Amino acid sequence: HVDFSLNQYTDVQDALVTQEGRRRNLFNHVLILDSKYVLRMMSPLVDIEVIVSIMRHAATVIPAPKVYDFGRSGNCTYIFHDYIPGRTMSSIIEQCGPYTSLMIEPQLSEIVRRLTSIGIAHNDLHFGNIIVDEEYHIVGIIDWELCSFIEVDAAEYRTRKLPHCQPERFPLGPSLN
C-alpha cells in the first residue's frame, strides 16, 4: 500500500509481469507511469533512505534514474523516479547473442571505475539492470536495492562483478544474428 495517487497517469504498466501474466518478482512491485516515471515498491525492511542517498550520489558520475520522492507507506517502502527508455542489455543478448555484451564492456568498466571512485557498489550489476539505446550506449543503470558504500578499488570490484564480459566465456564464436 502506497499513499500515492495514480489517477493522473493515463498509462500504468506493471513492469514485473511477464507476457504470460505471471509475476517475475514477488518481493518488489514496479509500475511504469506514462513511460516517464517509475514507482518502485519494496519491503518495509529496506533502508530506503540509504538507497536513495546512494542513487543520488551515483547519478553525479553515471547515468542513474533521478529520484523525485521516496518514503515509507503502510506495508512498503517506495521510490518514485525517472523511467529510463531503452532496452535491457539482457534482452539484446537474448536476441542477438552473447558477443553483443562485448560492445558495452568498455562503458561498463568505466561505470564501475566511476562508482568505486566515489565509494559505491551497485551489487546487482547484471545485464538486466543495464539500459542501452539503439547504438548500445549505456543510458541507465537501474535497480539499486542492493547498493552499498564500499572501500575497494575498481580493479578488485571489476574482477568480482564483471567476469561475464570476458571473451573466453563465449567459446562458440560470435552470434550472426
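Worth saying up front: this structure is predicted, and the values here are computed from it rather than measured.
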Go through it in stages, so that I can follow the logic: the residues are L33 and Y83, the test is side chain to side chain contact (heavy atoms under 4.5 Å, CB included), and I'd like the CA-CA distance, side-chain angles, deciding distance and then a yes or no. CA-CA 8 Å; L33 311 172; Y83 171 75; over 6 Å; no
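Counting only heavy atoms from C-beta outward, the side chains of L31 and D14 approach each other to under 4.5 Å. Two residues are said to be in side-chain contact when any heavy atoms from C-beta on lie closer than 4.5 Å; V52 and H81 fail this criterion. No side-chain heavy atom of T77 sits under 4.5 Å from any side-chain heavy atom of I51. Using a 4.5 Å cut-off on side-chain heavy atoms (C-beta onward), R114 and I111 make no contact.
Nearest heavy atom pair, residue M103 against residue Y136, reads CE-CD1, 3.3 Å. When every heavy atom of S35 is checked against every heavy atom of D11, the shortest pair comes out as OG-OD2, 4.3 Å. Smallest separation of non-hydrogen atoms from D82 and P65: O-CB, 3.7 Å. In plain terms, the two heavy atoms of M89 and T100 that are nearest each other are CE-O, 3.2 Å.
Follow the hydrophobic side-chain contacts under 4.5 Å out from L146 and you never reach V30; the two are in separate clusters. Under the 4.5 Å side-chain heavy-atom criterion for grouping Ile, Leu, Val, Met, Phe, Trp and Tyr, Y78 is not connected to L45 through any hydrophobic cluster. Taking hydrophobic clusters as Ile, Leu, Val, Met, Phe, Trp and Tyr residues chained together by side-chain heavy-atom distances below 4.5 Å, L125 shares a cluster with F149. Transitive grouping of hydrophobic side chains (ILVMFWY, heavy atoms separated by less than 4.5 Å) brings V139 and I142 into a common cluster. Under the 4.5 Å side-chain heavy-atom criterion for Ile, Leu, Val, Met, Phe, Trp and Tyr, I54 and M42 are members of the same hydrophobic cluster.
At distances below 3.5 Å, not a single donor-acceptor pair connects side-chain atoms of T88 with backbone N or O atoms of I131. Side chain of D69 to backbone of F80: no donor-acceptor contact under 3.5 angstrom is found. Judged purely by atom type and a 3.5 angstrom limit, D34 uses its side chain to pair as donor or acceptor with the backbone of T10. When atom types are taken as modelled, the side chain of E145 and the backbone of V46 share no donor-acceptor pair closer than 3.5 angstrom. Of the possible donor and acceptor atoms, none in the side chain of S109 sits under 3.5 Å from a partner among the backbone N and O of P106. Listed for the H57 side chain is no donor-acceptor partner under 3.5 Å among the backbone atoms of L115. In terms of modelled atom types and a separation under 3.5 Å, the side chain of D124 and the main chain of D143 share no donor-acceptor contact.
Note that the NE2 atom of H122 and the CD1 atom of I150 stand 12.5 Å from one another [nearest 0.5 Å]. With rounding to the nearest 0.5 Å, the separation of CD1 in I48 from OG in S73 is 12.0 Å. Expressed to the nearest 0.5 Å, how far CZ of R40 lies from CH2 of W144 amounts to 12.0 Å. The distance from the CZ atom of F127 to the CD1 atom of I93 is 4.0 Å, given to the nearest 0.5 Å. Between atom CD of residue E49 and atom CZ of residue F70 there is a gap of 6.0 Å, rounded to the nearest 0.5 Å.
Tested against I138, the residues I104, D133, I62 include a single side chain to side chain contact (heavy atoms under 4.5 Å, CB included) partner, I104.
Other residues, nucleotides and ligands contribute only 12 or fewer heavy atoms inside 6.0 Å of the CD atom of E94.
Contacts of R56 classified as salt bridge (charged side-chain N to carboxylate O under 4.0 Å, His left out), with partners at least two apart in sequence or in another chain: none.
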